[in-house]
Amino acid sequence: MRRSIRLLAAATAILGAALSAAIAGEVEATIVDINPDEAKLTLSDGNSYSIPVDFYIDDLKPGMAVLVFFEEDDSGKTLSDVQIQQ
């Protein structure tokens, strides 16, 4: 019985950690810098975002207004989508 309770408690803790591990967000800002060598995008909001390996950034330029969607976890913020604003 105690073993079952411990297993249930451990499973609950693992599930809770997995659910809270990544937080999605979005921000509207202007591109300040794109550093492909470090895979970083810096925005006017003062934050830097990691650029995933399979992410196409050739159309992005400093000074562009963008809507950025990102995932945030312990390692930082990672881009999931970028929409150029008109």
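Everything quoted here is computed from the prediction, not taken from an experiment.
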Quick one, [X] and [Y] - any side-chain contact, counting heavy atoms below 4.5 Å?
X	Y	result
I57	I34	yes
F70	D81	no
L41	I31	yes
V27	Y49	yes
S48	K77	no
V68	L79	yes

Is the side chain of [X] donor-acceptor paired with the backbone N or O of [Y] at a distance under 3.5 Å, no angle test?
X	Y	answer
S80	F69	yes
K61	D58	yes
S50	T78	no

Please tell me whether V82 and V32 are part of a single hydrophobic cluster in this structure, the criterion being side-chain heavy atoms less than 4.5 Å apart.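 Unlinked, V82 and V32 end up in two clusters.
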
- Test L60 against I84 for side-chain contact (heavy atoms from CB on, under 4.5 Å), laying out the working first. CA-CA 8 Å; L60 302 177; I84 299 171; 4.0 Å; yes

d(N35 CG, K40 NZ) to nearest 0.5 Å is 9.5 Å

So CE of M64 and CD of Q83: to nearest 0.5 Å the spacing works out to 13.5 Å

